[in-house]
Amino acid sequence: MRISYVFLGAFLAIAPSTYADVASPPVLEPLKQQAQAAQLSAKFLTRYSYKPVPLDDALSAKIMDSFIDSLDPDRGLFLQADIDSFKPDRNEIDDAIKRKDLKIPFAIFNVYGKRVVDRMTYARQLLKQDFDFTAQEDYSLSREKAPWPRSEAESNELWRKRVKSDWLRLRLSGKADAAIRETLDKRYANALERASKYKSDDVFQSFMNAYTTSVDPHTDYFGARASADFDIAMKLSLVGIGAVLQERDDYTTIRELVPGGPAQLSGKLSVGDRITGVGQGHDGPIKEVVGTRIDEVVQLIRGKKGSVVRLDVLPADAGADAAHRVVTLVRDKISLEKQAAQKTVLSVKAGDATRKIGVITLPAFYEDFEARRKREKDYRSASRDVAKLLEELKQEQVDSVLVDVRNNGGGSLDQAIALTGLFIGSGPVVQQRSGDGKVIVTSSEFPEPLWSGPVGVLINRGSASASEIFAAAIQDYGRGVVIGEPSFGKGTVQTVVDLDQMVRNSKPEFGELKVTIAQFFRINGGTTQLHGVTPDIALPGLSDPTRFGETSYDNALPWSEIKPADYAPANTITALLPALQVRHEARVASDPDFQRLLEDIADIKAQREKGAVSLNEAERRKEMKDRENRLKARAQGSDGEDTGEDDGLNADERSLSADIAMEKARKNAKDVLLAEATAILADEADLQGGELKAATQQPASANGK
């Protein structure tokens, strides 16, 4: 059994559609191994989960509701009649899984596919007419709790408003009607094309997601491809050609070349080149991949290190009938550096001094489990990478270190513990309680911290699991200041179980389960479950806790408390917090960027609460004008253009160069929250003065685990 810790029905008749002038999507049916995998998953989940949930009629109803909601979250595809026709099987899914029968979810999905074709075909027909943008009407942006349309006429009215809204967005961005018709027709046609490419694996993955999350918000099922992607994300490497690919107009297009990868080193591939075929080895036949799903193209391109792959390429600027070229590449191990820890040094004024703040950005708590198991000397992990960065920051003589774990959803528990050890040395970091009530205290074993100077942790609502363990430990020890908004609130532990190994199946058929097996607690006895980590100094955030975070799940575990662990707080920050808060409040009150951010957040929250947009052009233009007036002052003195304007386009509808430029501009925009967090860290260093031993004088004995 492979284990790694991570947080971290009957078939239904469909009435013929008035608009069914497009071929229906394929009728999909379950495979034998999928039914076996569902049954195996059920056996495991009902016995070994932290809080086992019986597979009964009550869970069956939840699974069906979750599955339907995942297919039609905005309730604009199914009709109420469809939902009514599903109801007789609402309490039958449990029995069907036990007898290895998946007809119910597949029947629902086949109805879904037909509804997609029906609605996209109707949307394209609406493009032949003109819309009245002087009428006073709204389009609802939040329909997850709305009733399903009760008739085709009601559905048509809903889609008329949706298409009108899409049209108005493009019109407000300055596009002419002819261009709008072309763009939207292509958009809806692409949706039809995607519906025709659905496969049995897609249905099964969606159904199993509905099942597992009905048991627990953080229990998941991974099919073969999802499992491979999970492993790649954890080890930050894969074997391939080193290219980021994107689907554009039926072509698999190169969006980015990874520095040092085979594609970039060959000098024969460029951003924008389109891959039209893939061949294996020096002389294997080239398989055409135009119109093929991008995940399938990726599978063809990935392979064993040292093996050969040949790409049939249509150059970026060439027409469809232009000459192709075949590029031969040798696959190699590619490091996904963008997901690895990175550092930067910022100079910040504090009092009469200018402080150097080292910022370490950590997107995930990654670890190459396989390399660690093989005892490879230089295997990749978050704590090892951060240790190296800390050594570099010490050489640069920074005054403080800020660890930015915003939107870090977690990863390896071992890495959260090791990372904490870099700042506290030895001592308890986290407590775990298993389903039988047994509590284990897990400690860092570093004899001394690698960094003893001022430290801070920047969190937001997207900081979850391992990020929360790290932030909570730093806070409980009083070792540093935690800054940001309350974190996600995920206080449970998962393990990954290989279903094939569980039944000694030599062929990978059944996939993997990520199962909740324990709950973790802070060393102070509380848990981050539901409540998350409350920052010492709060910064504003955009998140809606009713939609994002542990509190958004109706089956989340409650908050609880156990006995504190035996630990000795450092309390190097506790006495400084009141002064840091005073300085923070004084600074942001006179910081125009921070005040503008507060205005933007207030606008977004107001729009969220409104839940609808006007389809009256004059009203929307007035809203645009008001926003432009507010942004004019910001544009003056800015290093880049404002990137907040809505061009009405999806990412794959812009030119590749325009989309990349927009992405770059967003990344280069001033990070107001990071700027304030570094200012707080500069204050921390200023207030501490010479009280702490200089971090640069600490011996570099801890190099990660």
Side-chain angles (χ1 to χ4, degrees), residues 2 4 201 222-248 251-316 324-340 363-364 366-381 385 498 500 506-508 511-512 656:
R2 196 194 86 177
S4 57
D201 283 346
F222 299 142
R225 288 177 182 169
S227 175
D229 290 340
F230 172 78
D231 288 342
I232 288 167
M234 286 305 298
K235 67 176 63 171
L236 289 194
S237 67
L238 57 83
V239 175
I241 64 170
V244 178
L245 306 177
Q246 181 183 38
E247 187 176 334
R248 300 178 71 90
Y251 287 104
T252 297
T253 304
I254 296 176
R255 183 181 177 86
E256 181 182 337
L257 296 174
V258 178
Q264 188 262 336
L265 292 176
S266 74
K268 297 177 181 179
L269 292 169
S270 303
V271 172
D273 283 353
R274 291 156 288 178
I275 299 172
T276 62
V278 180
Q280 307 299 329
H282 288 286
D283 51 9
I286 291 181
K287 178 180 179 180
E288 183 177 322
V289 295
V290 177
T292 302
R293 287 170 31 149
I294 192 167
D295 58 335
E296 296 179 7
V297 179
V298 168
Q299 291 299 316
L300 291 173
I301 293 174
R302 289 178 185 170
K304 293 182 179 179
K305 182 178 179 179
S307 61
V308 170
V309 62
R310 299 187 343 275
L311 307 179
D312 191 316
V313 176
L314 181 63
H324 293 221
R325 64 173 182 268
V326 175
V327 177
T328 300
L329 300 171
V330 177
R331 298 180 177 103
D332 200 357
K333 188 173 183 178
I334 311 297
S335 293
L336 307 180
E337 291 300 326
K338 283 190 175 182
Q339 284 76 49
Y366 50 89
E367 181 176 30
D368 190 338
F369 294 112
E370 182 179 357
R372 178 183 173 181
R373 181 177 57 80
K374 293 179 179 178
R375 298 186 178 180
E376 293 181 12
K377 183 178 180 181
D378 296 320
Y379 72 86
R380 200 72 186 267
S381 77
D385 288 351
D498 188 318
D500 290 294
S506 59
K507 182 181 177 182
E512 298 176 326
L656 185 58

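Position 1 is the first residue of the sequence; numbering continues from there. Not measured: the values here are computed from a predicted model.
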### Task
Kindly indicate, with the supporting measurements, whether the criterion side chain to side chain donor-acceptor pair (under 3.5 Å) is fulfilled by R331 and S307.
CA-CA 6 Å; R331 298 180 177 103; S307 61; 2.8 Å; yes
| said: Set out, in order, the CA-CA distance, both residues' side-chain angles and the distance that settles salt bridge (Lys or Arg N to Asp or Glu O under 4.0 Å) for K268 and D273, then state yes or no. | reply: CA-CA 10 Å; K268 297 177 181 179; D273 283 353; over 6 Å; no
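In this view, R274 satisfies the side chain to side chain donor-acceptor pair (under 3.5 Å) rule with no residue, not counting sequence neighbours. Residues forming a side chain to side chain donor-acceptor pair (under 3.5 Å) with D500 (at least two apart in sequence, or on another chain): N505.
No side-chain heavy atom of T252 sits under 4.5 Å from any side-chain heavy atom of Q246. You'll find the side chain of V298 reaches within 4.5 Å of the side chain of L245, heavy atoms only. Put simply, the side chain of R325 reaches to within 4.5 Å of the side chain of V327, judged on heavy atoms. Side-chain contact between S266 and L329 is present, with heavy atoms from C-beta onward closer than 4.5 Å.
The distance from the CG atom of L314 to the OG1 atom of T253 is 9.5 Å, given to the nearest 0.5 Å. Atom CG of D378 and atom CG of D368 lie 11.5 Å apart (nearest 0.5 Å). Distance check: I241 CD1 to Q264 CD gives 12.0 Å after rounding to the nearest 0.5 Å.
Of all heavy-atom pairs between V271 and A316, the closest is O-CB, 3.8 Å. When all heavy atoms of G277 and V289 are compared, the closest pair comes out as N-CG2, 3.6 Å. The two residues P363 and A340 have their closest heavy-atom pair at CD-O, 3.6 Å. Of all the heavy atoms in A263 and L257, the pair that sits closest is CB-CD2, 3.7 Å.
Side-chain contact check for H324 and T276: at least one donor-acceptor pair (N or O, by modelled atom type) lies under 3.5 Å.
No donor-acceptor distance shorter than 3.5 angstrom exists from the side chain of E247 to the backbone of T292, with no hydrogens or angles considered. For R310 (side chain) and V278 (main-chain N/O), no donor-acceptor pair under 3.5 Å exists by modelled atom type.
The residue from T328, I254, I286, I301 that alone fulfils the side chain to side chain contact (heavy atoms under 4.5 Å, CB included) condition with L311 is I301.
Here D312 does not pair with K287 in a salt bridge; the nearest charged N to carboxylate O distance is not below 4.0 Å.
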